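Structure first, then comments.
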2 protein chains.
Amino acid sequence: MSHNNSNVVELVDQYMTIAMLKMPEIRAHVDTVTALRAFIKAGEYRPGDRLPSERDLIGRLALTRSALRKAFDVLEREGSIWRHVGKGTFVASTEPQNGSGSLAELILQVTPITLMRARLSLEPAIAREAAINASEDAISSLTMISQRTQAADNWDDYELFDDQFHRAIGISAENPLLLSLFDHLNAVRRGVAWKTVVRSSVRPACDHTSFAEHDKILAGIEARDPSAAHAAMRTHLVSVSNRLFGDA
Amino acid sequence: MSHNNSNVVELVDQYMTIAMLKMPEIRAHVDTVTALRAFIKAGEYRPGDRLPSERDLIGRLALTRSALRKAFDVLEREGSIWRHVGKGTFVASTEPQNGSGSLAELILQVTPITLMRARLSLEPAIAREAAINASEDAISSLTMISQRTQAADNWDDYELFDDQFHRAIGISAENPLLLSLFDHLNAVRRGVAWKTVVRSSVRPACDHTSFAEHDKILAGIEARDPSAAHAAMRTHLVSVSNRLFGDA
DNA sequence: AATTTAAATCAATCGAAACCAATTCAAACC
DNA sequence: GGTTTGAATTGGTTTCGATTGATTTAAATT
């Protein structure tokens, strides 16, 4: 089914006119929305700024709370504000800035599985480079972190040390560009913050299988065996993936 | 690895919700984190030095303790600080923070060889993902670019199309995070290329061996053969490397 | 009869303060 | 000199009240 474009526009236009005439409440909503837009513009609220609370605004704008909220609903739907319980209502960034904006945008697009595939693409290769280029200092640092990881007696500590271990491998690769790529990936990973869902309730016990996996990676790097380090890192990540998503 | 579909959908859904809720929060924290980084840098704290206590810092930086601690959480995860009850908060021994380092700074540190090692680490893996995930549209786009590359009659055009070809593979991987990593690497590559004047003078003739290499990569992706795509990309990059640096 | 308003209530978040546990350090003691 | 003890300090945790957006409910209005 294909419609003539102008026809559609015409129909919509007719509808709008009739609706606005016959249902004054719609017209009222439009007014409060434009009034809100004017308020935001006049207040010179910059993207990211917090607007006054709803209970405050109804006083200043002589509005009902429900009317105000309906107008906010429209603005939220069109993406010009975002709100959150306990924090407030904020004006959205009109144009995602290249620096952190693209990162935030990325976080929205990246699913946990996408993230894991990216890790599986990058980190084994980094481990391979680490096996080739790691300095003695870097290796001893890795060993130290690995020991600290095994000494962790709670999940939070373990997670922290695990992060440090992986980044230490990134450092061991002795390649600032690779490290930068790793950091970029890690920033996205941190932003995802899905751990609050998966792990806060189902918090797996501090299992010792991953200790062995870490050791295997470390052994590969110490032995200057790129393939072994690559394979060990891949195995480790697959294991992590299985722990998160459940075995297939 | 094959996943249960419902599981995946569930996870993705959870992720989306969380991300959309937490994104503004992340944005808010970024400010305090950068403020903390600035404080550490301005105070000229050397690796291993102890920072002022939290109760002291909240006075100087006009922060809440909880806000300060959240920012410290980020820095700790990043590995740039280390803290322990009763002792204090210390800046980590590995000071260089590439995470916040600017692109320009990175370009200065990256040599052509470092760059090529990074490409060899990342791009074959991306080609592998492309072989798995590329859509028909993406493949036909790749084919088109490849044909245009062969039609190039001067080096500038060839270079341009080569760039497009490699990025199109990044797109074909259907992984926004991997594509972002590729773009990051590519941004550095452009900077490094600019830096090394050598390349503009010693400009190898438009050779046709790399056409065959491109075709091989494309064939691997079309055949949905991840290993072949990976190997072909690796071979291609090694060939490029040899052309730039000379065979060993 | 249907919608809007007004108030109460819920749930998430933050900030302040109290409290906890690890560490340090110095005075007291043997 | 060596040990013990206890106060002070520090990062970590809990708790409580206030605030905010979200939701429900009953009265009011049209």
Side-chain angles (χ1 to χ4, degrees), chain A residues 19-33 36 40 45 48-77 80-92 148 151-161 193 196-197 200-201 203, chain B residues 17-29 31-32 36 40 45 48-77 80-92:
Chain A
M20 286 166 79
L21 290 178
K22 287 213 165 179
M23 306 187 207
E25 64 272 12
I26 287 182
R27 171 143 211 136
H29 284 176
V30 171
D31 285 349
T32 65
V33 168
L36 256 186
I40 294 174
Y45 293 99
D49 283 358
R50 210 193 96 176
L51 298 178
S53 74
E54 293 179 355
R55 293 168 176 82
D56 186 356
L57 273 180
I58 59 175
R60 301 200 207 182
L61 302 180
L63 282 176
T64 305
R65 191 146 167 230
S66 48
L68 174 69
R69 286 185 54 75
K70 278 186 183 175
F72 267 155
D73 285 343
V74 174
L75 290 184
E76 185 180 37
R77 231 172 263 274
S80 43
I81 62 164
W82 55 266
R83 17 183 205 178
H84 199 65
V85 181
K87 302 189 76 171
T89 305
F90 302 78
V91 323
R148 242 187 279 172
D153 56 351
N154 61 72
W155 184 258
D156 283 337
D157 278 1
Y158 169 74
E159 200 181 340
L160 174 66
F161 289 140
T196 52
V197 179
S200 65
S201 54
R203 190 174 264 190
Chain B
T17 311
I18 296 299
M20 288 167 77
L21 290 180
K22 294 241 162 168
M23 187 181 63
E25 183 181 331
I26 289 171
R27 197 199 153 101
H29 287 335
D31 293 342
T32 69
L36 256 186
I40 294 175
Y45 293 98
D49 282 359
R50 211 193 94 175
L51 297 177
S53 74
E54 294 180 354
R55 292 167 177 83
D56 186 358
L57 274 179
I58 60 174
R60 301 200 208 181
L61 301 180
L63 282 176
T64 308
R65 191 142 103 105
S66 46
L68 175 71
R69 288 184 53 74
K70 277 186 182 175
F72 268 154
D73 285 343
V74 174
L75 290 184
E76 185 179 34
R77 259 178 197 256
S80 38
I81 63 165
W82 189 82
R83 37 186 188 172
H84 202 43
V85 181
K87 296 178 121 177
T89 305
F90 303 81
V91 322

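Letters A, B, ... are given to chains in the order of the sequence lines, protein chains preceding strands, and every chain is numbered from 1. Computed from a prediction, not measured in an experiment: that's the story for all the values here.
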Quiz prompt | A:R69 side-chain proximity, nearest of D:dA22, D:dG11, C:dG15 | solution = D:dA22
Quiz item: Any side-chain heavy atom of B:V74 sitting closer than 4.5 Å to one from B:T32?
Solution: no
Quiz item: Given atom CD of B:E76 and atom P of D:dG11, what is their separation to the nearest angstrom?
Solution: 12 Å
Self-check item: A:F72 CZ to D:dT20 P, straight-line distance once rounded to whole Å
Solution: 13 Å
Self-check item: hbond_proxy A:R65 side chain to D:dA22 base (donor-acceptor, 3.5 Å cutoff)
Solution: yes
Exercise. For the pair B:T64 (side chain) and B:A67 (backbone), establish whether a donor and an acceptor sit closer than 3.5 Å, ignoring hydrogens and angles.
Key: no
Exercise. Starting from C1' on D:dT20, measure out to CG on A:D56 and report it in whole angstrom.
Key: 12 Å
Self-check item: Results of salt bridge (charged side-chain N to carboxylate O under 4.0 Å, His left out) for A:D73 - residues two or more places apart only
Solution: A:R83
Quiz item: Whole-Å distance between C:dT13 P and A:F90 CZ?
Solution: 12 Å
Quiz item: Does any non-hydrogen side-chain atom of A:I40 lie less than 4.5 Å from one of A:L51?
Solution: yes
Quiz item: Does OP1 or OP2 of C:dT4 have a side-chain N or O of A:S66 closer than 4.0 Å?
Solution: no
Practice problem: Can you tell me the distance, in whole Å, between the CG atom of B:L63 and the P atom of C:dA16? | Solution: 10 Å
Quiz prompt | Any B:R83 side-chain N or O less than 4.0 Å from OP1/OP2 of D:dG12 | solution = yes
Quiz item: Within the distance-only criterion (no hydrogens, no angle test), does the side chain of A:R77 pair as donor or acceptor with the backbone N or O of A:F72 below 3.5 angstrom?
Solution: no
Just the table, please: protein N/O against nucleotides 8-10 of chain D N/O, every pair under 3.5 Å.
from, atom 1, to, atom 2, distance (Å)
D:dT10, OP1, B:R50, NH2, 3.3
D:dT10, O2, B:G86, N, 3.1

Quiz item: If we only count heavy atoms from C-beta on, is the B:I81 to B:F90 side-chain gap below 4.5 Å?
Solution: no
Quiz prompt | Rounded interatomic separation in angstrom, taking NZ from B:K70 and P from D:dT13 | solution = 14 Å
Quiz item: Can you check the B:L68 CG to D:dG11 C1' distance for me, whole Å?
Solution: 11 Å
Quiz item: Does A:T64 make a side-chain N or O approach to OP1 or OP2 of C:dA6 shorter than 4.0 Å?
Solution: yes
Practice problem: Quickly work out the A:D73 CG to D:dA22 C1' distance and round it to whole Å. | Solution: 10 Å
Self-check item: Check: A:L68 and A:L36 side chains under 4.5 Å, non-hydrogen atoms
Solution: yes
